[in-house]
Amino acid sequence: MTYEFVGQTESSQQVEIRARVNGFLEKRVYTEGTFVEPGQVLFRMDVKPFEASLKAAKAELAQQQARLATARANLARVKPLVADNALAVKDLDDATGTEQAASAAVEAAAAKVTDAQLNLGYTTITSPVAGQSSFAKVQDGAYVNAENSLLTYVAKLDPMRVNFSLSENESLRLQDEIAKGKLIKALRDDYAVELLLADGSSFPAQGRITFADASFSQETGTFLLRAELPNPKGELRPGQFVRVKVHGFQRPNSIIVPQRAVQEGPRGEYVWVVDGEGKASQRLVSVGDWMGDQWLVTAGLKDGERVVVDGFMRLAPGAPVKVKDVPPDPLPEGKATERPAGPTPAGAVAAAASVMPNSGAGPAGGTAKAAAASPPAGSASASGSAGANGDAVYFDRGRTALDATGQVRLVSIIAALKAKPDLRVVLHGYVDSSGDPKVNAALAKRRAEAVRDALLAADVPAKQIEMKAPANIVGGDSPAMARRVDVILAEAR
């Protein structure tokens with residue numbers, strides 16, 4: 001099952017660039033709208049007043065240090081005289097107090113120097129993060145103070161967040177279906193997220209749910225969910241409206257029929273069925289989601305029954321019919337889900353799984369036979385299967401162990417290898433760009449070996465498995481997508 005929502009993109013870290021001191025903005029250094037790096041200079045303020053303040057603070061520090069030196073010298077002279085009773089004890093107390101006050105004045109003056117140095121440093125305004133810059137909100141030459149301190153902002157684009165919501169009724173419906181076994185959750189509550197852009201195209205990278213809010217919104221009665229997707233090329237921008245498809249649920253032993261086969265009467269939806277004697281009868285059905293041009297039937301039909309999809313005007317209950325089988329409508333295509341590397345965020349996905357609604361379209365478990373409709377179509381898994389050229393298994397940073405999600409991703413590969421002994425599988429291990437090259441080479445090899453061992457444990461013959469180091473083990477995608485083993489199916493040579 002694939003559930004669809006309306007979402008909006010959001011930067012994973014959007015930072016406001018503000019002036020921290022009052023003064024005149026001298027120059028905008030960066031080009032508006034360009035990508036900036038951490039530490040890159042964005043604005044410069046007029047430094048002259050701050051340089052003068054720093055000089056004054058340093059002069060005051062020197063003055064207080066001179067007073068401290070005089071007070072210490074005076075105290076050194078008074079101490080022996082008091083010991084010889086040449087001076088009163090009060091003179092010693094006065095000299096000690098003067099020395100301590102001068103020492104405190106030196107510390108205060110030093111703090112003023114530090115403050116003046118900081119203020120001078122704040123006149124050079126840099127970006128704290130890597131991201132896309134916005135336009136300058138204050139122009140060169142303007143006086144900047146607390147009221148107009150916001151100069152611009154920088155939005156981090158990789159990864160990109162997507163926020164979407166669901167209603168309380170939808171979440172309760174899903175919980176009920178899971179409790180009754182009508183819906184099966186994803187392994188480890190790990191759901192892949194796909195985005196459809198405004199032009200209908202699918203964003204190439206998939207992400208996963210990383211956050212679920214603690215409560216429903218009192219204003220809207222909806223529950224906020226957030227997903228994160230790798231966006232290394234910056235194709236997604238904050239504020240875009242997208243359609244969010246969540247993959248990972250499965251609906252076992254389900255039946256779908258063409259929408260034109262379902263009609264509505266006084267007692268609700270019904271279909272025409274043809275029994276073993278070739279006679280037609282009406283059958284009340286309960287329907288669920290629309291799935292492309294087909295309709296999920298939740299009750300009223302059994303696997304293998306023949307459903308009429310055309311010629312209703314000539315039907316009557318109990319009337320004999322001449323059946324003409326027609327080719328089945330195609331099942332909605334399930335999309336293979338790619339789990340990004342990294343640990344599943346604790347609590348967030350589990351919370352999302354408990355409230356995910358039943359609102360979208362995806363493959364069901366099978367179809368009914370049809371008179372002037374479709375013959376049996378078997379079953380289809382919502383998680384999809386590997387394409388003819390294979391799949392990929394992802395690893396956490398520095399890890400070589402194959403987790404449960406990775407093992408599930410190999411199920412279809414293993415089935416294909418066992419079904420066609422003339423196939424072979426080629427394994428390529430990859431790492432991200434960080435770390436020592438020698439260590440990375442060993443890491444990539446161990447990851448490929450982990451996948452090989454899983455295939456061998458599933459009784460895949462060793463002769464069908466080939467480990468081959470790629471020309472460059474450093475993956476060209478984002479780090480999360482680069483830490484992987486490509487599993488490629490090919491015909492035996």
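All values reported here derive from a predicted model rather than from experimental measurement.
- Looking only at atom types and distance, the side chain of Glu194 has a donor-acceptor partner in the side chain of Ser202 under 3.5 Å away.
- Side chains of Glu168 and Ser171: no donor on one and acceptor on the other come within 3.5 Å.
- Side-chain contact between Leu284 and Gln282 is absent, with no heavy-atom pair separated by less than 4.5 Å.
- Lys324 has no carboxylate O lying under 4.0 Å from a charged side-chain N of Asp310, or vice versa, which leaves the two without a salt bridge.
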Please assess Leu417 against Val425 for the test side chain to side chain contact (heavy atoms under 4.5 Å, CB included), listing each intermediate value before the final yes or no.
CA-CA 8 Å; Leu417 291 170; Val425 61; 3.9 Å; yes
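- When side chains are defined from C-beta on, Leu427 does not count as touching Asp486, because their heavy atoms never get closer than 4.5 Å.
- Between the Ser167 side chain and the Glu170 main chain, a donor and an acceptor come within less than 3.5 Å of each other.
- In this structure, CG in Asn231 is found 9.0 Å from OG in Ser12, a value given to the nearest 0.5 Å.
- Arg447 contributes a side-chain N or O that, together with a main-chain N or O of Arg399, makes up a donor-acceptor pair within less than 3.5 Å.
- At most 12 heavy atoms of other shown residues, nucleotides or ligands fall within 6.0 angstrom of atom NZ in Lys233.
- Using a 4.0 Å cut-off between charged side-chain N and carboxylate O, Glu466 and Lys468 make no salt bridge.
- For the pair Gln240 (side chain) and Arg237 (backbone), a donor-acceptor distance under 3.5 Å is present.
- The cationic atom of Arg484 (NZ for Lys, CZ for Arg) does not lie both less than 6.0 Å from the six-membered ring centre of Tyr394 and within 45° of the ring axis.
- Here the side chains of Thr152 and Phe135 are not in contact, with every heavy-atom distance at 4.5 Å or above.
- A side chain to side chain contact (heavy atoms under 4.5 Å, CB included) with Phe203 is found for exactly one of Leu196, Leu229, Val242, namely Leu229.
- Taken to the nearest 0.5 Å, the CD1 atom of Ile17 stands 11.5 Å off from the OG atom of Ser149.
- With Tyr3 as reference, Phe249 is the one residue of Tyr191, Phe164, Phe249 to meet the ring-ring contact (aromatic ring centres under 6.0 Å, His included) rule.
- Side-chain atoms of Leu42 and Val29, non-hydrogen and from C-beta on, never get closer than 4.5 Å to each other.
- Classified by interplanar angle (parallel below 30°, tilted 30° to 60°, perpendicular above 60°), the ring pair Trp272/Tyr270 is perpendicular.
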